[in-house]
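Scroll down for the structure; my scribbles are underneath it.
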Amino acid sequence: MATKPRDDTDMIAGLLLMAAAAFFGWQTTGLEVGTSLRMGPGYFPMLLSGLLFLLGVWVFLKSFGREGEPTGPIAWRGILFILPAPVFFGLTVRGLGFVPALFLTSLIASQASVKMRPLPALVLAVLVTIISTLIFSYGLGLPFRRFGPWLDF
Amino acid sequence: MTLTLTRRILLGSALAFGLAGAAAAEFPDRPVTLVIPFAAGGSTDVVGRIVAERMGQELGQQVIVQNVGGAGGSLGAGQVAKADADGYTILMGTVATHALNPLILKQKPYDPVADFAPVSLLVLVPNVLAVNPQLPANTVQELIDLAKTEPLAYASSGNGTPLHLSGELFKAMAGVDITHIPYKGSGPALTDVLGNQVPIIFDNLPSASGHIASGKLRALGVTTAERAPSFPDVPAIGETLPGYETYSWNALFAPAGTPPEAIAKLHDAAVAAMADPAVAARMGEFSATIVASSPEELAEHVKAEMAKWEPVVKDANVSLD
Amino acid sequence: MDLLSNLGMGFSVASSFANLGFCLIGVLLGTLIGVLPGIGATATIAMLLPITFQLEPVSSLIMLAGIYYGAQYGGSTTAILINMPGESSSAVTAIDGYQMARKGRAGTALATAALGSFFAGSVATFLVAIFAPPLTAIALEFGAAEYFSLMVLGLVMSVALAHGTVPKALAMVVLGLLLGIVGTDVYTGTPRFTLGITQFSDGLNFVALAVGVFGIAEILRNLEDEHERQVMTRNINSLFPNRDELRQIIGPVLRGTGVGSILGILPGGGAILASFASYTIEKKLSKHPEEFGHGAIAGVAGPESANNAGAQTSFIPLLTLGIPANPVMALMIGAMIIQGIVPGPSVVTDQPELFWGIIASMWIGNLMLVVLNLPLIGLWVKLLTVPYFVLFPIIMAMCSIGVYSVNSNVYDLFAVAFFGLLGYVLSKLRFEPAPLLLGFVLGPLLEENLRRAMILSRGDPTTFVTRPISAGLLVLALAVLVLVFLPQIRRRREEVFTESEG
């Protein structure tokens with residue numbers, strides 16, 4: 001199996017495209033396709049899903065017969081802390097309010113780097129929160145509650 | 001979905017805390033948020049911002065406008081329906097959020113009657129039936145006759161909007177078939193009618209008025225029962241098709257369960273704002289008729305509108321998931 | 001000709017002390033807010049809109065226009081410095097601008113963007129002043145069939161944006177088109193690909209997509225191996241383009257200005273194509289197309305000029321028809337109505353001071369922008385010397401606020417995280433995000449106009465070739481396909497076999 005040269009990256013890429021095409025195609029099944037002259041909501045998506053699948057096959061087939069480059073390391077720590085940051089902000093901005101939600105969001109995001117020590121992270125989060133609150137809440141008067149109902153007692 | 005579930009729990013606890021926290025202090029002791037369920041720049045947004053500024057002066061607290069657009073107004077309305085019932089979050093409701101969407105949507109995100117405490121019906125805004133001047137029809141009757149002999153199409157700001165349904169009601173009452181061409185908003189629809197890509201449009205009068213005044217569009221009729229004061233020469237469609245009447249409207253709603261004192265304060269501030277000559281002048285330029293009703297009148301109005309639109313929605317077979 | 005006297009009147013209105021002040025404040029605030037990551041022109045204007053309500057109508061619109069230019073330029077700055085575009089137009093700038101920044105040429109890239117924008121803005125302003133009414137007439141000739149053909153042309157050109165392999169670039173365009181379909185079908189109201197989430201019924205948020213696949217994916221790449229990889233070179237070269245570089249940007253700036261001015265007039269989304277089209281043209285004309293995607297200065301100069309020229313000429317449908325060409329213009333209309341001005345053809349005749357005052361202030365605004373920003377470039381470039389592990393938490397906080405502020409929709413924030421992951425996976429698989437983004441903005445327009453054209457022609461597909469403008473655009477698309485792609489595919493084949501670098 002490993003004897004023949006193969007571009008692993010492109011092989012995975014092709015498979016991923018086919019999977020995405022299958023997903024969109026599956027989602028299209030419930031939609032009315034219509035005819036070329038009177039297109040329904042499903043016509044265009046169906047066409048595109050088919051096209052994406054073919055492109056996936058093309059990329060997949062092209063991956064054989066040549067050597068690929070290594071994919072390199074994966075930023076697991078980044079994925080673990082960067083991606084949850086906006087999600088956390090979204091989940092808490094109404095409940096906790098703008099100030100605490102932003103503080104915690106910055107704190108979470110800062111953990112994505114191994115170079116960030118706890119104390120500087122805390123200082124950075126405090127600064128970001130103060131400056132953003134001054135700009136967006138006081139300066140521009142955006143309709144965010146600074147401290148949300150979860151903190152009312 | 002797990003996300004929605006978490007969100008619901010969070011919202012639930014938010015509500016519980018919020019209620020516990022509602023202090024006995026005089027309402028309002030902090031800024032009030034007015035949710036506009038459409039993107040900034042549209043006609044509801046404009047009405048909302050003009051009213052919000054003046055209401056803020058009356059209440060002695062800023063009224064902050066927050067645009068929560070999406071799903072034809074359902075997202076913003078749904079958000080206010082679930083908000084703390086303390087009077088600090090209110091909604092600029094429209095014919096779409098409180099009559100059409102609840103009839104059209106298969107999944108109902110809120111109940112327009114049970115989930116809201118009416119505050120005041122602010123303004124009525126006429127719609128207009130207008131055509132490109134190249135279309136050989138000068139009156140509503142001529143348009144109906146023309147539609148019976150050749151295929152025509154009309155543009156609207158989107159599927160399930162008040163303008164689309166005004167068109168459908170017109171078709172039903174006139175007994176003609178005109179193809180509906182929906183657009184994403186009034187602007188692109190107007191462009192295509194000005195360029196004669198589509199000959200006919202149902203539009204809000206404020207958005208079309210500049211083009212009518214300059215002669216780029218020929219107004220055949222307004223959709224209100226009476227002629228609009230800003231265009232006394234344009235007949236009402238009802239003069240040709242007796243009983244035809246549609247209009248858009250804007251009204252303030254608070255979440256159901258809001259204390260009556262807060263409703264009363266908001267109502268008084270809204271009425272005072274609408275009585276301001278400067279606001280009245282703006283609304284006049286906008287071709288909007290000021291109503292400034294009581295909460296009870298608004299409650300009746302919502303029921304009447306739903307009763308009126310239900311058969312139209314059914315006949316036109318409009319439904320959205 | 002009374003053009004001169006009209007312009008004179010405009011300048012006397014716009015250069016009153018107060019109006020100059022409002023223009024300056026607008027440009028300054030627009031730049032400062034627009035430069036925050038994840039906050040594009042639309043969000044900036046929506047945030048700053050209430051500030052302008054208290055002013056006189058002319059002053060208020062002058063200030064808003066200033067905010068608009070400032071925000072546009074601020075958005076390009078973020079695209080260049082940290083690869084985080086806030087609008088579709090600056091997404092193109094990010095491709096080569098960010099690569100220039102990584103090579104220590106951030107100052108040159110920013111100065112090129114500023115100079116190109118100023119030139120394009122000045123030319124386009126005069127076009128607006130002289131040709132506004134006849135240009136409007138052309139714009140009205142564009143119906144559904146013409147827009148469809150224009151979008152086809154855009155798609156054909158889009159693949160040239162990528163510097164990878166053709167099938168992968170095509171796949172990104174198609175994936176973008178599919179993502180663009182998410183939301184409610186305009187014609188039937190059927191939700192498509194929304195997974196039952198009402199919050200996505202108006203489609204996915206463009207800013208969430210752009211911030212995710214460009215900005216966040218880049219942050220993740222930079223965090224892969226912090227000890228080895230240096231995000232920015234430490235040695236930053238001179239801030240301003242040297243004589244040789246200036247010579248290189250003249251052609252792209254001129255062509256970008258032309259392309260942008262024409263496309264900006266079309267109210268149905270033509271301006272979206274401006275920077276993409278300019279990039280494609282420059283790459284085609286360049287003697288070194290292989291530099292594109294690795295920091296080609298022409299890849300910054302052309303699109304930035306096109307973008308800014310389009311931004312000016314998109315005022316034409318607004319001022320002469322009262323019709324918004326994009327969300328920013330929709331906000332301007334709202335602002336006009338709040339000020340008691342009914343936008344439309346009557347503005348020119350009824351309120352000439354307003355009309356010509358705004359046109360004059362466009363030029364003044366552009367001048368202020370360049371005067372203000374050239375000195376600021378040093379400051380922006382200094383920002384890059386801030387250690388990356390300090391910079392990215394700030395970026396994450398700002399883009400969370402920015403994305404949320406547009407519609408207060410928390411699902412937009414979830415979309416940011418999703419697209420960040422998607423963008424990272426795609427970059428690991430050596431896909432490029434720019435064609436994806438173009439597909440995303442074109443997808444809805446393409447389908448909407450195709451179906452509308454078919455309804456209007458009552459199911460007759462010949463409508464696309466019997467209407468002259470549409471036919472012309474399709475012939476052009478075919479020509480591009482034949483002339484551009486055949487040699488390119490051949491050359492790419494050779495590249496693949498000779499060098500392994502992707």
Side-chain angles (χ1 to χ4, degrees), chain A residues 9-10 12-13 16-17 20 24 27 31-32 36-41 44-45 48-49 51-52 55-56 58-59 62 66-67 69 71-75 77-79 82-87 89-91 93-94 102 105-106 109-110 112-116 121 124-125 128 132 136 140-143, chain C residues 33 47-48 50 165 167-168 170-171 174-175 177-178 181 185 187-188 190 192-193 216 219-221 223-226 387-390 392-394 396-401 403-405 408 410-414 416-417 420-421 424-425 428-431 447 450-451 454-455 459 461 496 500 502:
Chain A
T9 316
D10 271 10
I12 298 169
L16 200 76
L17 289 177
F24 280 112
Q27 286 283 313
L31 301 173
E32 188 201 331
S36 300
L37 299 186
R38 189 88 196 180
M39 287 165 228
F44 209 60
L48 291 175
S49 308
L51 197 59
L52 189 64
L55 287 165
W58 188 5
V59 172
K62 269 186 73 167
R66 66 193 167 100
E67 210 65 62
E69 307 162 54
T71 330
I74 292 174
R77 195 183 168 101
I79 292 173
I82 288 287
L83 298 180
V87 175
F89 185 76
L91 290 174
V93 64
R94 279 194 213 140
L102 189 68
T105 302
S106 325
S110 67
S113 170
V114 287
K115 293 184 184 170
M116 190 56 108
L124 182 68
V128 167
S132 308
F136 294 102
L140 298 176
L142 294 191
Chain C
I33 303 295
M47 283 181 196
L48 296 174
T165 60
K168 284 171 104 173
L170 281 173
V174 175
L175 188 61
L177 288 168
L178 279 164
I181 285 173
D185 175 34
Y187 293 91
T188 60
T190 318
R192 298 187 290 181
F193 305 148
I216 293 184
I219 292 178
L220 291 175
R221 273 198 297 275
L223 288 172
E224 274 171 5
D225 196 351
E226 290 184 73
Y388 199 70
F389 66 93
V390 174
F392 77 78
I394 303 177
M396 290 311 299
M398 292 297 155
C399 74
S400 298
I401 301 172
V403 169
Y404 181 69
S405 69
S408 310
V410 293
Y411 280 79
D412 286 347
L413 289 163
F414 304 155
V416 167
L421 183 64
Y424 184 61
V425 171
K428 280 272 132 189
L429 298 173
R430 291 196 297 277
F431 284 109
E447 189 199 13
L450 170 64
R451 288 168 69 186
M454 292 300 279
I455 297 177
V496 167
S500 56

### Task
Pick whichever of A/Leu16, A/Ile12, A/Leu17, A/Leu51 has the most heavy-atom pairs under 4.5 Å with chain C.
A/Leu17

### Message
Need one label for C/Val425: side chain, backbone, both or neither, based on atoms under 4.5 Å from any heavy atom in chain A.
### Response
side chain

## Note on the structure
Per side chain to side chain contact (heavy atoms under 4.5 Å, CB included), A/Phe24 is matched among C/Leu175, C/Ile181, C/Val174 by C/Leu175

### Message
If you compare all heavy atoms of C/Ser400 against all heavy atoms of A/Thr105, which two are closest, and at what distance to 0.1 Å?
### Response
OG-CG2, 4.1 Å

#### Entry: Engaged part of C/Ile216 at the chain A interface, taking heavy atoms whose separation is under 4.5 Å
side chain

### Query
Is any side-chain heavy atom of C/Phe414 less than 4.5 Å from a side-chain heavy atom of A/Leu91?
yes

### Query
Any idea which heavy atoms bring A/Ile82 and C/Met396 closest together, and the distance?
O-CE, 3.7 Å

### Task
Using ring pair (Phe, Tyr, Trp, His ring centres under 6.0 Å) as the criterion, list what pairs up with C/Tyr424, not counting sequence neighbours.
none

### Task
With rounding to the nearest 0.5 Å, note down the distance linking NZ in A/Lys115 to OH in C/Tyr388.
11.5 Å

#### Entry: Heavy-atom pair of closest approach, residues C/Glu224 and A/Ile74
CG-C, 4.3 Å

### Task
For residues C/Pro393 and A/Ala109, report the shortest heavy-atom separation together with the two atoms involved.
CA-CB, 4.1 Å

## Note on the structure
So, the part of C/Phe193 with a heavy atom under 4.5 Å from chain A: the answer is both

### Task
Can you see which heavy atom on C/Val390 is nearest to which on A/Met116, and at what distance?
CA-CE, 4.5 Å

### Task
Flag the one option from A/Pro45, A/Ala85, A/Ser110 with the top tally of heavy-atom pairs under 4.5 Å to chain C.
A/Pro45

## Note on the structure
Most contact-rich option vs chain C, by heavy-atom pairs under 4.5 angstrom, among A/Val59, A/Leu31, A/Leu52, is A/Leu52

### Among C/Leu450, C/Ile455, C/Asp412, residue most engaged with chain A (heavy-atom pairs, under 4.5 Å)
C/Leu450

### Message
With a 4.5 angstrom heavy-atom cut-off, is it the side chain or the backbone of C/Leu177 that approaches chain A, or both, or neither?
### Response
both

### Query
Is there a donor-acceptor pair closer than 3.5 Å between any side-chain N or O of C/Lys428 and the backbone N or O of A/Pro73?
yes

### Message
My understanding is that only residues two or more places apart in sequence, or in another chain, count here; which of them pass side-chain contact (heavy atoms from CB on, under 4.5 Å) with A/Ser132?
### Response
A/Phe98, A/Leu102, A/Val128, A/Phe136, C/Met398, C/Ile401

### Task
For the pair C/Arg192 (side chain) and A/Pro41 (backbone), establish whether a donor and an acceptor sit closer than 3.5 Å, ignoring hydrogens and angles.
yes

#### Entry: Minimum heavy-atom distance between C/Leu223 and A/Gly78, given as atom pair plus value
CD1-CA, 4.0 Å

### Task
Measure the CG-CD distance between C/Leu178 and A/Gln27 for me, rounded to the nearest 0.5 Å.
11.5 Å

#### Entry: Interchain contact, A/Ile79 with chain C, by part (heavy-atom threshold 4.5 Å)
both

